[in-house]
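A short write-up of the structure that comes next.
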Amino acid sequence: MSDRIAIGMLIKAFPPDEVDAAIDAAGVREQRSRALPARTMVYFSLAMWLFGGSGYDAVLTRLTTGMRWAGVTTGKRAEPSTGSITKARKRLGSEVMRRLFLRRAVADLDSPAVWRGLRVCTLDGGTIDVPDTAANLAAFDTAEVRMAVLAAHGDGALLDVAVGSSDAELDARLISTISPDTLVVAHRAEPAYDVWRSAGEQGAHLLWRTGESVELPRLRVLSDHSYLSRLLPEHDPMARSIAVRVVQSCDTALVTTLLDPERAPAAELTALHRDRWRFASVFDALETESVALRSQDPHGVAQELWAMLCVYQAVQSWRWDGKEAMAERM
């Protein structure tokens, strides 16, 4: 019964009509009746993250049982082999999963966390292991994928994702998409100058932890014991420095573009940074300490990653709704 409930909740989060629309938009609708139609394979890609310790055959059996219990068609009643499932995953591709994720991410933009007039989100990231096949190594250089994620402060809903080779590159890509009057909280060893300049040009604000190696001269101490400083360009000595404010928090320094201590009190900034969303929350939601992908090629890796993010969105939404319902009862 628990498997059926889990699949039922997955179908509720991603209804068949929404899945079919994403399939058609991606152009991967099957041209003939199959034992593993595109809709079933979308739910299979999602279900792999619900039943991470199970093989393909076991995941498919649990999935189709749950789909029939929920009244969702599954295709021909057959027992496809593992090889058939692999081929069906390749036919599906990754675009459908990406579209499903982005649809949820756009919906979550409608209810942002707001602090002192600023929409607050967290920028964080990490790496995920992939099989060290020749195809994966050629695409990712190493047997891991590096990701950066923009998440809403509070409920942890994911707003945007980037995949690449360096934190600075990924941070810059995500920062370029944020709207004005947004505060991005992050835990990075070094505040990359180009990222901070880009945020300023967009009318956004940053609050990042910085490492001891970053030079931030103490120019003027403010009333709350924070101080004004300048973030110096890394490679271009002719570029203008960026005005920042440094807030000491225990043995770390928080750097922000919010210069006025009355508008942005140090204690509140420290609390915002302490309560930021963390990339490890993805693993927590999936109830695993780490994630290792199964796919032998980069296209399958992309499909798994987008499916993982979709499932995280659904699980996080269920958790948050449960917390809010409990809070209302109290």
Side-chain angles (χ1 to χ4, degrees), residues 2-4 6-8 10-11 14 16 18-101 128-145 163 286-288 290-312 314:
S2 60
D3 286 356
R4 295 179 182 181
I7 296 300
L10 202 61
I11 292 170
F14 301 98
E18 184 177 316
V19 169
D20 289 344
I23 290 170
D24 291 334
V28 292
R29 173 74 62 188
E30 63 273 6
Q31 299 302 308
R32 58 188 176 86
S33 178
R34 291 183 179 274
L36 295 172
R39 180 197 285 179
T40 297
M41 292 313 300
V42 168
Y43 287 123
F44 178 85
S45 298
L46 298 172
M48 283 200 300
W49 290 106
L50 292 181
F51 312 121
S54 301
Y56 275 6
D57 294 343
V59 172
L60 185 62
T61 298
R62 298 164 86 171
L63 169 66
T64 53
T65 299
M67 289 177 67
R68 292 177 189 131
W69 176 74
V72 179
T73 57
T74 62
K76 295 179 179 178
R77 295 207 174 192
E79 296 183 2
S81 64
T82 298
S84 298
I85 296 172
T86 300
K87 291 179 181 178
R89 282 192 60 204
K90 288 184 177 180
R91 287 196 302 270
L92 181 69
S94 62
E95 179 62 16
V96 177
M97 312 312 300
R98 187 184 76 87
R99 287 177 178 271
L100 285 177
F101 169 77
I128 295 179
D129 293 337
V130 299
D132 58 350
T133 62
N136 284 341
L137 292 175
F140 306 116
D141 294 329
T142 65
E144 62 183 19
V145 175
V163 178
L286 299 174
E287 297 184 352
T288 179
S290 62
V291 169
L293 304 189
R294 313 185 190 205
S295 297
Q296 305 295 303
D297 64 83
H299 300 293
V301 167
Q303 183 189 86
E304 281 193 77
L305 287 176
W306 289 117
M308 176 190 75
L309 298 172
C310 284
V311 173
Y312 166 83

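- Remark: Leu309 CG to Leu100 CG distance equals 12.0 Å, nearest 0.5 Å.
- Counting heavy atoms from C-beta outward, Pro16 and Val19 have side chains that stay 4.5 Å or more apart.
- Judged as a side-chain hydrogen bond (donor to acceptor under 3.5 Å, both in side chains), and not counting sequence neighbours, Asp132 has no contacts.
- Sorted by first then second residue, the salt bridge (charged side-chain N to carboxylate O under 4.0 Å, His left out) pairs that include residues 47-57, not counting sequence neighbours, number zero.
- Listed by chain and residue number, nothing satisfies the ring pair (Phe, Tyr, Trp, His ring centres under 6.0 Å) test with Phe140 (two or more places apart in sequence, or in another chain).
- With sequence neighbours excluded, the residues that form a side-chain contact (heavy atoms from CB on, under 4.5 Å) with Ala307 are Ser45, Leu46, Trp49, Met97.
- Distance alone, capped at 3.5 Å, is enough to place a donor-acceptor pair between the Gln303 side chain and the Arg89 backbone.
- Contact of the Gln296 side chain with the Thr86 side chain is not registered, since no non-hydrogen atoms from C-beta on lie closer than 4.5 Å.
- Nearest approach of Cys310 to Phe101, heavy atoms of both residues: SG-N, 3.4 Å.
- Under the side-chain contact (heavy atoms from CB on, under 4.5 Å) criterion, Asp24 pairs with Arg29, not counting sequence neighbours.
- Listed by chain and number, the residues in a side-chain hydrogen bond (donor to acceptor under 3.5 Å, both in side chains) with Thr133 are Asn136 (sequence neighbours excluded).
- Remark: Tyr312 pairs with Trp277 by the side-chain hydrogen bond (donor to acceptor under 3.5 Å, both in side chains) rule, at least two apart or across chains.
- For the pair Thr142 and Leu137, the tightest heavy-atom approach, listed with the atom from each and the gap, is C-CD2, 3.7 Å.
- With sequence neighbours excluded, no residue forms a salt bridge (Lys or Arg N to Asp or Glu O under 4.0 Å) with Glu144.
- Applying the side-chain contact (heavy atoms from CB on, under 4.5 Å) test to Arg62 and every residue at least two apart in sequence or in another chain returns Asp3, Phe51, Ser54.
- Residue Asp20 holds its CG atom at 4.0 Å from CZ of Arg39, rounded to the nearest 0.5 Å.
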Using the side-chain contact (heavy atoms from CB on, under 4.5 Å) rule, take Ile11 and Tyr43 through it: C-alpha gap first, then chi angles, then the decisive distance, then the call.
CA-CA 8 Å; Ile11 292 170; Tyr43 287 123; 4.0 Å; yes
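- With sequence neighbours excluded, the residues that form a side-chain contact (heavy atoms from CB on, under 4.5 Å) with Arg98 are Glu95, Leu102, Trp306.
- Note that OG1 of Thr74 is 8.5 Å distant from CG of Leu63, once rounded to the nearest 0.5 Å.
- If you look at Phe44 and Tyr56, their ring centroids are closer than 6.0 Å.
- At least one donor-acceptor pair closer than 3.5 Å links the side chain of Thr64 to the backbone N or O of Leu60.
- Once rounded to the nearest 0.5 Å, the distance linking CD of Glu304 with CE of Met48 reads 4.5 Å.
- The side-chain hydrogen bond (donor to acceptor under 3.5 Å, both in side chains) search around Ser81 returns Ser84, not counting sequence neighbours.
- You'll find the side chain of Ile85 reaches within 4.5 Å of the side chain of Met41, heavy atoms only.
- The backbone N or O of Ala302 lies less than 3.5 Å from no partner atom in the side chain of Ser94, so there is not a single donor-acceptor pair.
- For the pair Arg99 and Ala25, the tightest heavy-atom approach, listed with the atom from each and the gap, is NH1-CB, 3.6 Å.
- Listed here is the closest heavy atom pair of Leu50 and Ala6: CD1-O, 4.0 Å.
- Take Arg91 and apply the salt bridge (Lys or Arg N to Asp or Glu O under 4.0 Å) test, not counting sequence neighbours, and it matches no residue.
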